[in-house]
Undergrad: 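First the structure, which I've put down as structure tokens, then a few questions once you've had a look.
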Amino acid sequence: MKTSKSNFFNDVYEVVKLIPEGRVTSYGAIAEYLGTKGSARMVGWAMHGAVATHDVPAHRVVNRQGLLTGKIHFGGDRMQRLLEKEGIRVEDDIIQNFEKVFWEPIKELGL
DNA sequence: ATTATGACTTCAC
DNA sequence: CGTGAAGCCATAA
């Protein structure tokens, strides 16, 4: 039986679920960990389905600038609210101390 | 198979 | 990090 979602999506979900609280990561970092580092957009695409399908903390996944690009799909300031709740300072849809809260799967999980 | 789109990334000004 | 343009890969029609 074929999986409902492609393996690519499944991998993204697992990595995002492994993100510790108070930490965030970028699409490129996840894509790179999966081996598809050129497909950072696909990670975002996977997250689009993740929110509606799995309990994936997509709010912990932002772009390289620390900008809450995904808040648009969260539907309001829901994403920013969750981040601030975990101790992450967010201002004007931008994560402050982004370098401090940045969490790389390759570095933490080990490649 | 081809075209279009997308929660991105990088380079340049 | 502000804006603009090009590149990249996977999904949908």
Side-chain angles (χ1 to χ4, degrees):
Chain A
M1 152 179 175
K2 292 171 144 188
T3 54
S4 300
K5 311 293 186 192
S6 298
N7 189 16
F8 184 85
F9 279 56
N10 188 29
D11 286 345
V12 177
Y13 299 152
E14 296 204 15
V15 176
V16 177
K17 285 184 194 171
L18 292 172
I19 301 176
E21 297 181 9
R23 286 288 201 279
V24 293
T25 187
S26 62
Y27 304 95
I30 297 174
E32 188 176 355
Y33 177 74
L34 298 178
T36 54
K37 85 176 188 181
S39 57
R41 307 175 105 160
M42 304 321 25
V43 178
W45 193 262
M47 304 266 60
H48 192 150
V51 180
T53 310
H54 291 265
D55 297 308
V56 178
H59 60 270
R60 291 184 188 149
V61 185
V62 296
N63 70 358
R64 266 289 186 183
Q65 294 183 335
L67 177 63
L68 307 186
T69 47
K71 71 166 276 177
I72 304 170
H73 292 278
F74 265 74
D77 300 343
R78 192 185 307 173
M79 186 174 185
Q80 180 174 336
R81 193 59 133 59
L82 291 168
L83 291 171
E84 291 183 313
K85 207 171 201 175
E86 297 191 356
I88 300 176
R89 188 200 305 272
V90 181
E91 189 172 311
D92 191 26
D93 301 340
I94 309 264
I95 294 180
Q96 306 302 310
N97 303 324
F98 179 58
E99 299 179 28
K100 296 181 182 180
V101 298
F102 188 52
W103 179 85
E104 291 186 88
I106 299 178
K107 186 174 181 181
E108 301 297 324
L109 301 177
L111 183 58

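Numbers restart at 1 for each chain; the letters A, B, ... are given by sequence-line order, proteins then strands. Atoms considered below: every heavy atom in the structure, side chains included; atoms not considered: hydrogens, waters and symmetry mates.
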Undergrad: Rounded to the Å, how far apart are D92(A) CG and dG2(C) C1'?
TA: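 After rounding, the gap between these two atoms is 12 Å.
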Undergrad: Nearest of dA7(B), dT9(B), dC8(C) to any side-chain atom of V51(A)?
TA: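 Among dA7(B), dT9(B), dC8(C), the one nearest the side chain of V51(A) is dA7(B).
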Undergrad: Once you round it to whole Å, what is the distance between P of dA7(B) and CD of Q80(A)?
TA: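 Rounded to the whole Å, the gap is 19 Å.
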Undergrad: D11(A) CG to dA10(C) C1': how many Å, rounded?
TA: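 Interatomic distance, CG of D11(A) to C1' of dA10(C): 14 Å.
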Undergrad: Of the nucleotides dA10(C), dT11(C), dC8(B), which has the atom closest to the W45(A) side chain?
TA: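 Nearest to the side-chain atoms of W45(A), counting from C-beta on, is dT11(C).
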Undergrad: When the side chains of residues 104-111 of chain A are checked against the rest of the protein, which donor-acceptor pairs come out under 3.5 Å, sequence neighbours left out?
TA:
none

Undergrad: Between M47(A) (CE) and dC8(B) (P), how many Å, whole number?
TA: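 M47(A) atom CE is separated from dC8(B) atom P by 12 Å.
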Undergrad: I need the full list of side-chain hydrogen bond (donor to acceptor under 3.5 Å, both in side chains) pairs touching residues 36-47 of chain A, with sequence neighbours left out, sorted by first then second residue.
TA: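 Sorted result for residues 36-47 of chain A: T36(A)-S39(A).
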Undergrad: Atom OH of Y27(A) to atom C1' of dA10(C): distance rounded to whole Å?
TA: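 Taking OH of Y27(A) and C1' of dA10(C), I get 16 Å after rounding.
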Undergrad: What is the distance, rounded to the nearest whole Å, between atom OH of Y33(A) and atom P of dC9(C)?
TA: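 Whole-Å distance recorded here is 21 Å.
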Undergrad: Is any N or O donor-acceptor pair between the side chain of R41(A) and the base of dC8(C) shorter than 3.5 Å?
TA: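 Donor-acceptor pair under 3.5 Å: yes.
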Undergrad: Picking from dA7(B), dC1(C), dA10(C), which would you name as closest to the side chain of T36(A)?
TA: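 Nearest to the side-chain atoms of T36(A), counting from C-beta on, is dA10(C).
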Undergrad: Which part of the nucleic acid does A31(A) contact within heavy-atom distance under 4.0 Å: base, sugar-phosphate only, or nothing?
TA: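 No contact.
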Undergrad: Expressed as a whole number of angstroms, how long is the span from H48(A):NE2 to dA10(C):C1'?
TA: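 Taking atom C1' of dA10(C) as the reference, NE2 of H48(A) is at 15 Å.
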Undergrad: What nucleotide among dG7(C), dA7(B), dT9(B) has an atom nearest to a side-chain atom of S26(A)?
TA: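 Nearest to the side chain of S26(A) among the choices is dT9(B).
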Undergrad: Under the side-chain contact (heavy atoms from CB on, under 4.5 Å) rule, what do F74(A) and L68(A) come out as? Steps first, then yes or no, please.
TA: CA-CA 10 Å; F74(A) 265 74; L68(A) 307 186; over 6 Å; no
Undergrad: State whether the number of non-hydrogen atoms from other residues, nucleotides or ligands found under 6.0 Å of K85(A) atom NZ is greater than 12.
TA: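 Count not over threshold, so no.
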Undergrad: Between Q65(A) (CD) and dT9(B) (P), how many Å, whole number?
TA: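 To the nearest whole Å, that distance equals 8 Å.
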Undergrad: Counting N and O atoms only, with roles assigned by atom type, does the side chain of D92(A) sit under 3.5 Å from a partner on the main chain of I94(A), one being a donor and the other an acceptor?
TA: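 No: the side chain of D92(A) does not pair with the backbone of I94(A).
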Undergrad: Would you mind telling me which of dC8(B), dC1(C), dA7(B) lies closest to the side-chain atoms of I94(A)?
TA: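 From the listed options, dC1(C) comes nearest.
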